[in-house]
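Below: the structure, in structure tokens.
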Amino acid sequence: MLKHLLFICSQNRWRSLTAEHLFQNSPQVEARSAGTEAGARVRVTAGHLGWADVVVVMEKRHADRLRQKFADALVGKPVVCLRIPDKYQYQDAKLVALLQERIQAHFPDLDLPATTPNS
């Protein structure tokens, strides 16, 4: 069954965008990403949250912001926190490895595609 995963970080430039791209060729997952801040590449909306089966945030503060702004859209929606700090660049090899490890821990049935990050 195809899952819709929405990855959230602050600016949607490094962490959540890297996570989205991990699944670009996955037959199991359709992934999108967005950010919580005003200057985000793609800013999260209630529509994004409605589309998602699971919301995956990088830090607890992202979940807190979503709950403050979109409480109604999150009712009954699982929110998973990967606890990945904002210290990695887009497609950083360490970020990719950490994302794969943390995503696999929360979603053990998912086959994560092998990737070659652009460090």
Side-chain angles (χ1 to χ4, degrees):
M1 179 177 184
L2 183 71
K3 285 187 186 247
H4 290 172
L5 298 181
L6 178 63
F7 292 97
I8 302 288
C9 70
S10 299
Q11 294 293 324
N12 186 228
R13 297 186 195 284
W14 297 346
R15 295 173 289 173
S16 61
L17 189 57
T18 298
E20 176 184 353
H21 288 163
L22 280 177
F23 290 99
Q24 65 189 4
N25 297 315
S26 171
Q28 293 177 296
V29 170
E30 187 174 337
R32 294 182 183 169
S33 63
T36 59
E37 300 300 317
R41 189 184 67 83
V42 174
R43 192 163 184 197
V44 66
T45 66
H48 290 111
L49 298 170
W51 169 87
D53 295 320
V54 180
V55 178
V56 183
V57 299
M58 298 298 147
E59 299 176 60
K60 182 184 177 301
R61 67 187 175 107
H62 300 129
D64 293 343
R65 286 192 180 133
L66 292 177
R67 287 185 185 104
Q68 287 171 354
K69 188 166 184 179
F70 301 106
D72 291 344
L74 288 173
V75 170
K77 185 111 18 194
V79 177
V80 172
C81 183
L82 299 181
R83 300 182 189 281
I84 297 178
D86 189 9
K87 65 177 190 178
Y88 302 98
Q89 297 285 324
Y90 172 71
Q91 292 287 34
D92 180 300
K94 290 179 183 176
L95 173 58
V96 169
L98 192 54
L99 283 165
Q100 289 175 323
E101 172 189 313
R102 302 272 168 91
I103 291 168
Q104 195 70 58
H106 287 283
F107 305 100
D109 294 337
L110 288 183
D111 295 324
L112 288 172
T115 60
T116 306
N118 307 325
S119 321

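Keep in mind it's a predicted model, so treat the numbers as computed, not measured. All heavy atoms count here, side chains included; hydrogens, waters and symmetry mates do not.
In terms of heavy atoms, Ser10 sits closest to Arg61 at OG-NH2, 3.1 Å. Taking both residues in full, the closest heavy atoms of Ile84 and Glu59 are given as O-CG, 3.6 Å, listed atom of the first, atom of the second, then distance. Contact detail for Phe7 and Glu20: the closest heavy-atom pair is CD1-N, 4.0 Å. Smallest separation of non-hydrogen atoms from Leu49 and Leu6: CD2-CD2, 3.7 Å. Of all the heavy atoms in Arg43 and Thr36, the pair that sits closest is NE-O, 3.8 Å. Listed here is the closest heavy atom pair of Met58 and Ala19: CE-CB, 4.1 Å.
Among the candidates Asp109, Ile103, Asp111, the single residue satisfying the side chain to side chain contact (heavy atoms under 4.5 Å, CB included) test with Phe107 is Ile103.
Here CG of Leu82 is found 10.5 Å from CD of Glu101. Values are rounded to the nearest 0.5 Å. Distance CG/Leu95 to CH2/Trp14: 10.5 Å, rounded to 0.5 Å. Rounded to the nearest 0.5 angstrom, Asp92 CG and Thr18 OG1 are separated by 8.0 Å. Expressed to the nearest 0.5 Å, how far CG of Leu17 lies from SG of Cys9 amounts to 8.0 Å. Ile8 contributes atom CD1, which lies 8.5 Å from atom NE2 of His62 (distance to the nearest 0.5 angstrom). Taking CG of Asp53 as the reference point, atom CD of Glu30 lies at 9.5 Å (rounded to 0.5 Å).
When the side-chain contact (heavy atoms from CB on, under 4.5 Å) test is applied to Ala46, the partners found at least two apart in sequence or on another chain are Phe70, Ala73. His106 meets the ring-ring contact (aromatic ring centres under 6.0 Å, His included) test with no other residue; sequence neighbours excluded. Every residue meeting the side-chain hydrogen bond (donor to acceptor under 3.5 Å, both in side chains) condition with Asp64, not counting sequence neighbours, appears here in chain and number order: Lys60. Every residue meeting the side-chain hydrogen bond (donor to acceptor under 3.5 Å, both in side chains) condition with Arg41, not counting sequence neighbours, appears here in chain and number order: Asn12. Taking the salt bridge (Lys or Arg N to Asp or Glu O under 4.0 Å) definition, one finds that Glu37 meets it with Arg65, sequence neighbours left out.
Residues Val44 and Trp51 are members of one and the same hydrophobic cluster, defined by side-chain heavy-atom contacts under 4.5 angstrom among Ile, Leu, Val, Met, Phe, Trp and Tyr. In terms of hydrophobic clustering, with Ile, Leu, Val, Met, Phe, Trp and Tyr side chains grouped at heavy-atom distances under 4.5 Å, Val57 and Val29 are assigned to different clusters.
Judged by distance alone, with hydrogens and angles left aside, the side-chain atoms of Lys94 form no donor-acceptor pair with the main-chain N or O of Tyr88 at under 3.5 Å.
The side-chain heavy atoms of Val79 and Val56, taken from C-beta on, include no pair separated by under 4.5 Å. Side-chain contact check for Val55 versus Val80: every heavy-atom pair is 4.5 Å or farther apart.
Ring orientation note: the planes of His21 and Tyr90 are nearly perpendicular, at an angle over 60° on the 30°/60° scale.
When hydrophobic residues (I, L, V, M, F, W, Y) are linked wherever their side-chain heavy atoms come within less than 4.5 Å, Val42 remains an isolated member.
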